[in-house]
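Counting begins at 1 with the first residue of the sequence.
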Amino acid sequence: MARTKTKVFQTETKQLLKLMIHSLYSNKEIFIRELVSNASDALDKLRFSALADETLLEDASEFGISVNVISAENKIVISDNGIGMTEAEVVENIGTIARSGTASFLGNLTGDKKKDSNLIGQFGVGFYSVFMVADKVEVLTRTAKGSSDEATLWSSSGEESYQLKSAEKETRGTEITIFLNDENKEFAEKSRVKFLLEKYSQYINFPLSLIEDSGESERINKSEALWLKSKSEISDTEYSDFYKFISYDQNDPLLWIHNKVEGNNEYTNLLYIPKNPPFDLWNREAPRGVKLYIQRVFIMDDATNFLPLYLRFVRGIIDTSDLPLNVSREILQEHQLVDTIKKSVTKKVLDSLIKMKKNSLDLYKEFWKEYGLVIKEGPAEDFENRELLASLMLFASSINEENDVSQTLDDYVSRMPESQEKIYYCVADTFEAAINSPHIEGHKSNNTEVLMLTDRIDEWLMSSLMEYKGKELVNVAKDDIQDSEKPKVSETDQDVVTKIKKHLSDRVSDVVVSSRLVNSATCLLLPKNEPGAQLRKILEAAGQDLGESNPIFEINLKHKLLKRLTTLKGKQFSSFVDFLYDYAVIAEGGSPKDPAKYLRQLDKYLS
Ligand code: ADP
Ligand code: MG
């Protein structure tokens with residue numbers, strides 16, 4: 001008689017179980033999805049391990065998963081002939097040790113039950129979901145490894161503890177018996193289980209069958225990998241369902257990209273762009289990447305080397321016959337073929353975005369709203385596709401009065417008069433600040449369009465793009481005036497300029513007479529090769545020491561404040577120059593060193 005050992009669940013596991021049972025139950029039907037997916041994982045693992053060690057497949061039985069509904073006893077039994085577990089593995093995987101998944105699952109709960117129950121699968125805590133419907137669960141398992149034919153029986157009611165004992169099992173694999181609790185007897189009905197298997201598990205890559213009390217067996221899925229079928233044989237619903245199956249997302253995807261590439265480098269990709277970005281889009285450590293299959297054998301989740309970082313929201317699979325089956329993450333990093341595939345799938349994803357922009361601009365705008373910031377990282381990472389990426393970008397523009405982010409660089413170029421050679425942009429914190437910036441007064445008055453950039457990353461983006469289709473991208477806040485364009489300055493005016501320069505010598509690098517300011521009296525310009533305020537922040541945050549740099553002070557001699565300045569002398573002159581300097585600082589979105597003094601001066605000059 002085998003001895004039964006009782007072990008207490010680890011604290012975090014207990015916490016998780018409580019949560020499952022008492023608050024996430026609104027979507028409890030997913031327990032079937034989770035257990036079937038574990039069975040499928042176990043078969044994937046066996047198939048993969050058997051590549052190196054054929055003896056694991058000794059009994060030669062065909063891979064498969066069966067779900068047995070025993071209505072009379074309110075039981076469901078889910079069996080697989082996958083890798084199985086040793087006793088130690090049972091303890092480690094579904095026992096006392098809190099695996100990393102548990103902690104991050106608990107840390108990521110949002111309180112939205114629907115969302116949270118979707119996290120169950122993503123964080124590797126799926127097994128415990130069975131306790132949402134069961135008052136007892138038994139796991140009978142025998143490992144495919146080693147020669148011992150001893151099996152382990154794990155059982156628990158999902159409360160404090162679980163029991164372990166050695167048992168007998170004729171074949172390798174795992175058999176999970178679910179004793180449904182009184183409230184969940186519905187799951188002991190064949191039609192209900194069939195419906196759920198079809199809903200959640202039809203894309204399982206192994207034969208999945210439903211077995212009834214009578215012993216009658218019914219095949220649920222086709223188990224031919226969807227991506228291997230030709231496009232014309234796959235309906236939109238199938239594409240969407242497959243996406244939901246691999247992503248745990250309940251929404252349809254925004255678009256998919258399915259290609260079979262033959263020839264020297266053979267591979268198939270079925271990639272998806274989710275409608276909404278994953279919640280961890282901005283977490284650099286978050287898992288990302290595609291599922292990798294080699295010759296239809298599942299190799300790994302989250303293979304990161306097939307897509308650039310700026311496409312980290314893309315989900316899906318890549319299946320190739322040209323990588324070694326024993327490939328590791330390290331090998332992937334260096335393999336020539338991986339690079340080739342990455343280049344070509346990246347191009348395909350970008351092309352499909354271009355197509356979407358052309359064919360359904362409204363949908364594309366939705367995409368841009370969700371992912372624009374990530375795409376803007378692209379040009380710096382992917383020099384080769386710089387121009388393609390730039391053509392995907394949407395900007396607000398001075399042709400609109402409102403912040404309507406809808407103009408492409410191509411739109412801009414198509415509106416450029418022949419005489420205009422450059423593409424102008426204005427960087428500010430808000431659209432209002434940009435559209436009212438003194439820097440674009442001149443452009444406005446001669447109807448030159450200016451793009452309005454308000455994302456933190458924009459200045460950095462523009463400086464890494466530098467040009468678009470041969471047209472230089474120019475920041476309107478930077479000194480870009482050719483000597484020939486500079487206005488002629490009379491001798492008396494030059495005197496004023498010199499005096500201002502002398503007074504502001506510690507704050508500005510130069511004082512110039514403006515040819516562009518219309519309504520404003522003064523503004524600050526950046527020297528051509530200096531980073532602006534936004535970029536400065538980014539670079540400094542990255543640890544670069546940029547040193548001090550003084551702007552150029554631009555004055556509008558036609559403005560009445562400047563006219564007034566010329567009537568002043570001595571201390572009055574200096575203090576008015578201070579006032580005009582603060583005026584420019586404020587227009588830049590900055591604040592004067594001494595605001596109270598600024599206001600006092602304003603009062604004085606008004607009266
Ligand atoms: P995940 O599947 O994300 O790892 P689960 O909570 O669903 O998380 O499963 C926990 C672990 O239990 C699995 O990683 C696996 O090691 C083990 N396991 C669960 N079901 C099976 C099974 N049918 N065969 C073999 N191992 C299993
Ligand atoms: Mg699982």
Side-chain angles (χ1 to χ4, degrees), residues 398 401-403 426-445 450 452 454 475-479 481 486-487 489-527 530 532-534 536-537 548-607:
S398 61
E401 315 231 302
E402 285 162 52
N403 187 12
C426 179
V427 184
D429 287 340
T430 62
F431 178 80
E432 286 67 30
I435 197 88
N436 295 313
S437 162
H439 296 298
I440 71 165
E441 284 174 2
H443 302 83
K444 273 200 222 154
S445 72
V450 180
M452 309 274 104
T454 52
N475 184 343
V476 292
K478 289 200 179 183
D479 177 26
I481 310 160
K486 287 188 177 154
V489 184
S490 71
E491 232 168 82
T492 28
D493 288 345
Q494 191 53 51
D495 275 354
V496 177
V497 170
T498 314
K499 274 167 73 186
I500 298 175
K501 202 165 160 177
K502 193 164 161 232
H503 180 64
L504 291 178
S505 63
D506 58 337
R507 276 169 280 175
V508 308
S509 62
D510 200 3
V511 177
V512 298
V513 176
S514 179
S515 55
R516 319 185 280 184
L517 289 177
V518 179
N519 302 315
S520 299
T522 61
C523 72
L524 295 173
L525 274 181
L526 285 165
E530 277 294 321
Q534 269 193 349
R536 189 167 260 277
K537 267 185 226 157
E548 281 292 310
S549 118
N550 287 335
I552 298 166
F553 189 50
E554 186 168 335
I555 54 174
N556 178 6
L557 287 175
K558 294 192 202 93
H559 196 280
K560 52 181 191 266
L561 285 176
L562 270 295
K563 294 220 158 100
R564 168 128 187 217
L565 178 71
T566 52
T567 66
L568 302 173
K569 294 217 160 54
K571 244 185 129 176
Q572 278 188 319
F573 180 92
S574 312
S575 117
F576 202 75
V577 169
D578 287 339
F579 175 74
L580 290 173
Y581 174 79
D582 284 346
Y583 175 111
V585 170
I586 292 172
E588 257 346 86
S591 46
K593 273 230 171 71
D594 183 350
K597 179 178 166 207
Y598 178 79
L599 291 176
R600 268 198 318 275
Q601 282 171 316
L602 184 63
D603 267 350
K604 192 170 130 203
Y605 301 134
L606 279 177
S607 52

Visitor: Report, one line per pair, each donor and acceptor closer than 3.5 Å where one atom sits in a side chain of residues 553-562; sequence neighbours left out.
Guide:
unit_1, atom_1, unit_2, atom_2, d
E554, OE1, R516, NH2, 3.4
E554, OE2, S514, OG, 2.5
N556, OD1, K558, N, 3.2
N556, ND2, V518, O, 3.4
N556, ND2, S520, O, 2.9
H559, ND1, L561, N, 3.1
H559, NE2, N519, O, 3.2

Visitor: Once ring-ring contact (aromatic ring centres under 6.0 Å, His included) is applied, what residue pairs with a partner in residues 588-607 remain, sequence neighbours excluded?
Guide: F576-Y605, F579-Y598, F579-Y605
Visitor: Mind checking side-chain contact (heavy atoms from CB on, under 4.5 Å) for Q572 and listing every partner two or more places apart, or none if nothing turns up?
Guide: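 If we apply the side-chain contact (heavy atoms from CB on, under 4.5 Å) test to Q572, skipping adjacent residues, the hits are L568.
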Visitor: Test of understanding: with side-chain contact (heavy atoms from CB on, under 4.5 Å), list the residues that count as partners of S505, not counting sequence neighbours.
Guide: none
Visitor: How many angstroms lie between atom CZ of R507 and atom CG of D582, to the nearest 0.5 angstrom?
Guide: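 Those atoms lie 7.5 Å apart.
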Visitor: Looking at A434, is its backbone amide N or carbonyl O close enough to the side chain of H439 to form a donor-acceptor pair, meaning the two atoms are under 3.5 Å apart?
Guide: no
Visitor: Using every non-hydrogen atom in the two residues, find where V497 and V513 come nearest and quote the distance to one decimal.
Guide: CG2-CG2, 3.7 Å
Visitor: Could you list the residues that satisfy side-chain hydrogen bond (donor to acceptor under 3.5 Å, both in side chains) with T567, not counting sequence neighbours?
Guide: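 side-chain hydrogen bond (donor to acceptor under 3.5 Å, both in side chains) check on T567 returns nothing, list empty.
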Visitor: I need the minimum non-hydrogen distance between P527 and I552, along with the two atoms involved.
Guide: CA-CD1, 4.1 Å
Visitor: Determine which pairs satisfy ring-ring contact (aromatic ring centres under 6.0 Å, His included) with at least one residue from residues 500-522, sequence neighbours left out, and list them in order.
Guide: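 Qualifying pairs, neighbours excluded: none.
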Visitor: Which salt bridge (Lys or Arg N to Asp or Glu O under 4.0 Å) pairs, counting each pair once, include a residue from residues 590-607, with sequence neighbours left out?
Guide: D578-K597
Visitor: List the residues meeting side-chain contact (heavy atoms from CB on, under 4.5 Å) with D429, not counting sequence neighbours, and say none if there are none.
Guide: none
Visitor: For the OG atom of S509 and the CG atom of L504, what is their distance to the nearest 0.5 Å?
Guide: 11.0 Å
Visitor: Taking S437 for the side chain and A433 for the main chain, is one N or O donor matched with an acceptor at less than 3.5 Å?
Guide: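 Not a single qualifying donor-acceptor pair exists.
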Visitor: List for me each residue that meets salt bridge (Lys or Arg N to Asp or Glu O under 4.0 Å) alongside E530, sequence neighbours excluded, and say none if there are none.
Guide: R536
Visitor: List in chain and number order the residues that pass side-chain contact (heavy atoms from CB on, under 4.5 Å) with S398, two or more places apart in sequence or in another chain; answer none if no residue qualifies.
Guide: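 Only I435, E449, V450, M452 meet the side-chain contact (heavy atoms from CB on, under 4.5 Å) criterion with S398.
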Visitor: Which residue pairs pass the salt bridge (Lys or Arg N to Asp or Glu O under 4.0 Å) test with at least one member in residues 491-505, sequence neighbours excluded?
Guide: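 Listed once each, the pairs are K501-D510.
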Visitor: What is the minimum heavy-atom distance between V585 and P592, and which atoms define it?
Guide: CG1-N, 4.3 Å
